[in-house]
Amino acid sequence: MLRSTTLQSKIFGTKKRLSNDKSTLPQITLAFFGVFVILTFMLRFESLDSYYGQISTEFPVLQSPLKDLTRHQFDEIAKTTLARTTPVLVLSDQAFYFGDVRSFTTDYADVRNKFKVSHKDGEPQLGNTLEHMKKWSKERRDKDNISNAGGVVIFIPQGLIPMPIVLQVIENLKRDKFFTRVILANGMI
Amino acid sequence: MDRNNKVFLFFELRRARLRTSQFLFPLPFLIGALLVLFVMGLTVLNINPRLGHKTDPMHFSGTPAEISSLWMSIRLVSDKIIITTNDRKIFQWKRGEGEQLEIFNAYLAARSKEIILDAVLKGFMKQNDGMAVLSVDQKLTYQDMKPILASLAHARFHRYAFETRLNPL
């Protein structure tokens, strides 16, 4: 292959330039760690967990009559019990209904012992409902000496209510501090 | 410059660049191996146990999440309810029916026994050990949750919580 002198001088110049260009170890190490830093940010962004919260609730349990025969003699005493006078809150797609267990079970036909707070433009009026429930509780306490010392409310959403709305209602009921324990129930609607 | 010289120059310049010294020889391999280990270390499931669970819980406030023994995600895909647990078990059934519900009940009963046995052997139980955390997709309705809650009650999980996302990420 015929090579011109210009080409040969170019090749020689390139070789000379490359032989002067030494990649030193500190530069390589720095580049290595630079790649690691970038990868760390990228991969941690992908795998980093978000912040999560919890809306807790519980099932009521029956007390077991078993006696603990060991040294500790452990005995679990119920702090709160459900009764016929425990408040009940029902959520349908039209309204909130509230009363007590008796008014939604044995006295179901009686219209005077349960109350309705309709939704406004499809939006549940939970704040309004809570205010009415507080007034109703106060009247029951003053007139019939019925108190809800445990702060329990039984919440019954209709089947087709989306879960986000159910969770918002539970959280807002607990946040109000008037009710401390919310029990989800079903079977009514 | 004619075409042959151009081709020759092209290859000769690259050959010249590739003639590097050999003292760097183990380093490229080490860089590759360390990078693989690094990537694996950052994506292990312990860092984010929710990796792989595609549920979209609602963005809402709640008490900060606590670690519990049983965590599961529940989502709706093409009219099927799919449950994945924190130990990577999967259960699914068609909405409104309950084909795998008995298997799910058996699984919950086994997990409950495991938690109780663990507590007995350790001699103590943390408050949230018996709690089930449910990461529920926003598309689900209360009707879809009823069989799952009934299964939890049947398996003696008396405390349960719904997971929410606190930041909008």
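Sequence lines set the chain letters: A, B, ... in the order given, protein chains first and strands last, and positions in each chain run from 1.
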Under 4.5 Å heavy-atom distance to chain B, tell me which part of Ile165(A) shows up: side chain, backbone, both or neither.
-> neither
Looking only at heavy atoms, which two atoms of Tyr142(B) and Ala185(A) are closest? And how far apart?
-> OH-O, 2.9 Å
Value for CE (Met145(B)) from CD1 (Ile161(A)), rounded to nearest 0.5 Å, stands at 15.0 Å
Let me know if Leu149(B) has heavy atoms under 4.5 Å from chain A in its side chain, its backbone, both or neither.
-> both
Step through it carefully: locate the ring centre of Phe59(A), locate the ring centre of Phe157(B), and say whether they are under 6.0 Å apart.
-> no
Mark yes when over 12 heavy atoms from residues, nucleotides or ligands other than Lys116(A) sit less than 6.0 Å from its NZ; otherwise mark no.
-> no
Taking all non-hydrogen atoms of both residues, which atom of Gln54(A) and which atom of Ala161(B) are closest, and how far apart?
-> CB-CB, 4.0 Å
Which residue, Asp137(B), Val136(B), Thr141(B), forms the side chain to side chain contact (heavy atoms under 4.5 Å, CB included) with Met163(A)?
-> Val136(B)
Of all the heavy-atom pairs spanning Leu140(B) and Pro164(A), show the shortest one and how long it is.
-> O-CD, 4.3 Å
In terms of heavy-atom contacts, does CZ of Arg140(A) have more than 12 from other residues, nucleotides or ligands at under 6.0 Å?
-> yes
Kindly indicate whether the side chain of Ile55(A), heavy atoms from C-beta on, has any atom under 4.5 Å from the side chain of Phe60(B).
-> yes
When you look at NZ of Lys134(A), are more than 12 heavy atoms from neighbouring residues, nucleotides or ligands closer to it than 6.0 Å?
-> yes
Report, as yes or no, whether the 6.0 Å neighbourhood of atom CZ on Arg95(B) holds more than 12 heavy atoms from other residues, nucleotides or ligands.
-> yes
Members other than Ile90(B) in its cluster, when Ile, Leu, Val, Met, Phe, Trp, Tyr link by side-chain heavy atoms under 4.5 Å?
-> Val77(B), Ile82(B)
Contact check, side chains of Tyr52(A) and Pro57(B), non-hydrogen atoms, under 4.5 Å = yes
Ring pair (Phe, Tyr, Trp, His ring centres under 6.0 Å) pairs, two or more places apart, involving residues 78-115 of chain B = Phe91(B)-Phe104(B), Phe91(B)-Tyr107(B), Trp93(B)-Phe104(B)
Whether over 12 other heavy atoms sit under 6.0 Å from Asn145(A) CG = no
Is Leu82(A) linked to Val61(A) within one hydrophobic cluster, defined over Ile, Leu, Val, Met, Phe, Trp and Tyr using a side-chain heavy-atom separation of less than 4.5 Å?
-> no
Spacing of CG belonging to Leu184(A) relative to OH belonging to Tyr160(B), to within rounding of 0.5 Å | 4.0 Å
Identify which of Val166(A), Leu160(A), Leu167(A) forms the greatest number of heavy-atom pairs closer than 4.5 Å to chain B.
-> Leu167(A)
